[in-house]
Amino acid sequence: MIAARPSKEQKLIAQRDTHIRLAELCMEQGDIVEAYEYMTIALEYDPCCAKCYATRAEIAMTKEYLPLAAENYRQACVYAPDSAVYHMEYARALMYIDSTDEAAAHLDKALRLDPQLLEAQRLKALNSYLQGDYRGAVDTHVAYMYRFMQSEHYAPEQEDLLLSIPDSAANEYLIRKLDSAYNHSEGDVQTMYRVAYSKALYQVVGGELIAYYHNGQWPQAQACVERLLRSEPNDYSLYLLHGQCAFEQEQLKEAEKDWLLAGQADTTHASMAYHLLGCMYYYQKRYAEAIEALDESIRHDRIKNPHAYLFRAMSYLASGDTLVANEDFETILEEDTSYHNSVRQFALLYLGDRDEAQAWQEHMLQTDPQRDIYFSAACFYALLGDEQKGLDMLEQAVRMGYPSKVSIRYSPELQAIRLTERYQHIMNNETN
């Protein structure tokens, strides 16, 4: 049986395929100019070959012949209108020649054809940036990052989704990265994700933390700090907060561990870490350790913190060393001359100047009637021996939401009023 002779169309297709194979061989060998020529010849045999146009476009992009690349991708889309990849690559070329509106249309079509085409979504974010739609750029890129993480088998928590990034610094960072993301790599995504994640996490979770902290909701605040620590384990300011949350829940060993870690690992936060540690030791009547910790706090502090001197002085007094305690009280009088967050009234009282101490305390209540000031005033009047005024101040502090119930229960200065029925009534009403 004699085989049928190939038709003219079959011969043309065979010639086309031969030149396509030659072009592909040239590309493997790195001779892309020769490859372009073979694809051009292939198109003479089949002017409707989308693959030939797409390959020529790819070569033109490599050589940075951008208008030529865009024209070839346009032709590829004409002859293969259902190819999501061709529409995506055409959009990429259009973005390079500043045809961003047309690029947006082809990216939308690519994503309609293939919603799973991650690179098209990334390019859409970049194109939004080039169009000046910064919010759209960030939102689209956030959605892309989430899907990328899913594809890498991550299981992000709600805040990881980054469905909104209210922090302008994170927005600015993402936009800069998007602008330089033409030569995209997985490493860029990972870096971008980590930085944006951290900034957004601090914005979202940090807002929750402040609210919980302000309201004395210590378990919830502690959970927020722990979420932040998972993202930034070397942010030692977080250990200060974590220790405070632990202290307020009477997890004293945990608080001590956190504050010691922050004090030893980071000189920036050492002064506050040792100050908190010294206060806790004072409340526990561990006076020698309190003095040692407060020594460290003062040593690390570039300014003289009157609160550290006060707690150290009271620790010395409790240890029976009045002379050294008075030296600290004198330092407070030298350094603490503002009514804001002052402890001058305590130094005056301990040094025997009761009238001036009381006048200073009253002026503080008039100028800065905050809940912390009322708690401080409760301690002051209890020490002064004015039990009823001490209870009035404590009641007002509790009514205003003073969050540190541990300070109320442990402050030695409140010992006298803690024995009263009214104190029990104030605390029972607060906890009910």
Side-chain angles (χ1 to χ4, degrees), residues 16-17 19-131 133 136-137 140-141 143-145 147-148 151 177-189 192:
R16 180 203 68 184
D17 290 344
H19 286 86
I20 288 175
R21 285 195 294 272
L22 288 170
E24 291 171 344
L25 181 61
C26 288
M27 291 182 71
E28 290 174 9
Q29 296 174 345
D31 190 351
I32 58 175
V33 174
E34 191 73 13
Y36 190 96
E37 293 299 327
Y38 277 121
M39 282 297 182
T40 301
I41 296 170
L43 281 169
E44 294 175 2
Y45 293 104
D46 181 5
C48 300
C49 178
K51 181 178 179 180
C52 293
Y53 285 113
T55 304
R56 289 205 319 176
E58 180 184 349
I59 294 168
M61 287 286 283
T62 302
K63 300 294 288 183
E64 297 187 7
Y65 299 148
L66 303 179
L68 180 62
E71 175 57 25
N72 275 277
Y73 276 130
R74 186 190 70 79
Q75 293 281 11
C77 290
V78 168
Y79 295 114
D82 294 331
S83 171
V85 172
Y86 290 167
H87 284 285
M88 178 186 75
E89 295 301 335
Y90 182 30
R92 192 195 305 271
L94 289 168
M95 288 161 62
Y96 272 107
I97 59 174
D98 298 325
S99 297
T100 54
D101 291 343
E102 193 175 356
H106 283 275
L107 287 169
D108 286 342
K109 185 161 187 177
L111 287 167
R112 284 196 301 271
L113 291 166
D114 184 1
Q116 304 306 312
L117 194 57
L118 272 176
E119 178 65 1
Q121 190 163 8
R122 188 189 71 82
L123 288 174
K124 185 174 180 180
L126 176 56
N127 195 61
S128 295
Y129 166 73
L130 295 174
Q131 292 178 300
D133 180 9
T140 305
H141 197 81
Y144 158 71
M145 286 193 293
R147 288 179 54 201
F148 177 86
S151 72
K177 293 296 288 186
L178 287 168
D179 191 27
S180 61
Y182 284 117
N183 297 320
H184 175 64
S185 70
E186 180 178 326
D188 291 335
V189 170
M192 200 181 312

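If you take CD1 on Ile59 and CD on Glu34, they are separated by 10.5 Å, rounding to the nearest 0.5 Å. In this structure, the separation between CG on Leu22 and CE on Met39 is 9.5 Å, given to the nearest 0.5 Å. Remark: Asp101 CG to Asn127 CG distance equals 8.0 Å, nearest 0.5 Å. Atom CD1 of residue Ile32 and atom OH of residue Tyr38 lie 15.5 Å apart, to the nearest 0.5 angstrom. Rounding to the nearest 0.5 Å gives a distance of 11.0 Å between NE2 of His19 and CD of Glu37. Taken from CG in Asn72 to OH in Tyr65, the straight-line distance is 13.5 Å, to the nearest 0.5 Å.
The residues Glu119 and Arg122 are annotated as salt-bridged, a charged nitrogen and a carboxylate oxygen being separated by less than 4.0 angstrom.
When all heavy atoms of Ala110 and Leu117 are compared, the closest pair comes out as CB-CD2, 4.4 Å. Between Ala93 and Ala69, the shortest heavy-atom distance links the atoms CB-C, 4.4 Å. Looking at every heavy atom in both residues, Leu107 comes nearest to Ala120 through CD2-O, 3.7 Å. For the pair Ile20 and Ala42, the tightest heavy-atom approach, listed with the atom from each and the gap, is CG1-CB, 4.0 Å. Closest approach of Ala50 and Ala80 over heavy atoms only: CB-CB, 3.6 Å.
A donor-acceptor pair under 3.5 Å links the side-chain atoms of His87 to the main chain of Pro81, judged by distance alone. In this structure a side-chain-to-backbone donor-acceptor pair under 3.5 Å is present from Ser83 to Tyr86. Judged by distance alone, the side chain of Tyr53 and the main-chain N or O of Pro47 form a donor-acceptor pair under 3.5 Å.
Of the candidates Glu102, Lys109, Gln75, Tyr90 forms a side chain to side chain donor-acceptor pair (under 3.5 Å) with just one, namely Glu102.
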Problem - Chi angles and distances behind the salt bridge (Lys or Arg N to Asp or Glu O under 4.0 Å) call for Glu89, Arg92 - result: CA-CA 5 Å; Glu89 295 301 335; Arg92 192 195 305 271; 2.9 Å; yes
Practice task
Mind running side chain to side chain contact (heavy atoms under 4.5 Å, CB included) on Leu68 and Tyr36 for me, showing each step along the way?
Solution key: CA-CA 12 Å; Leu68 180 62; Tyr36 190 96; 3.5 Å; yes
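Side chains of Arg16 and Leu43 form no contact here, defined as non-hydrogen atoms less than 4.5 Å apart.
In terms of the side chain to side chain donor-acceptor pair (under 3.5 Å) criterion, residue partners of Thr40 (sequence neighbours excluded) are, by chain and number, Arg56.
For the 3.5 Å distance criterion, the side chains of Tyr73 and Glu58 fail to qualify, holding no donor opposite an acceptor.
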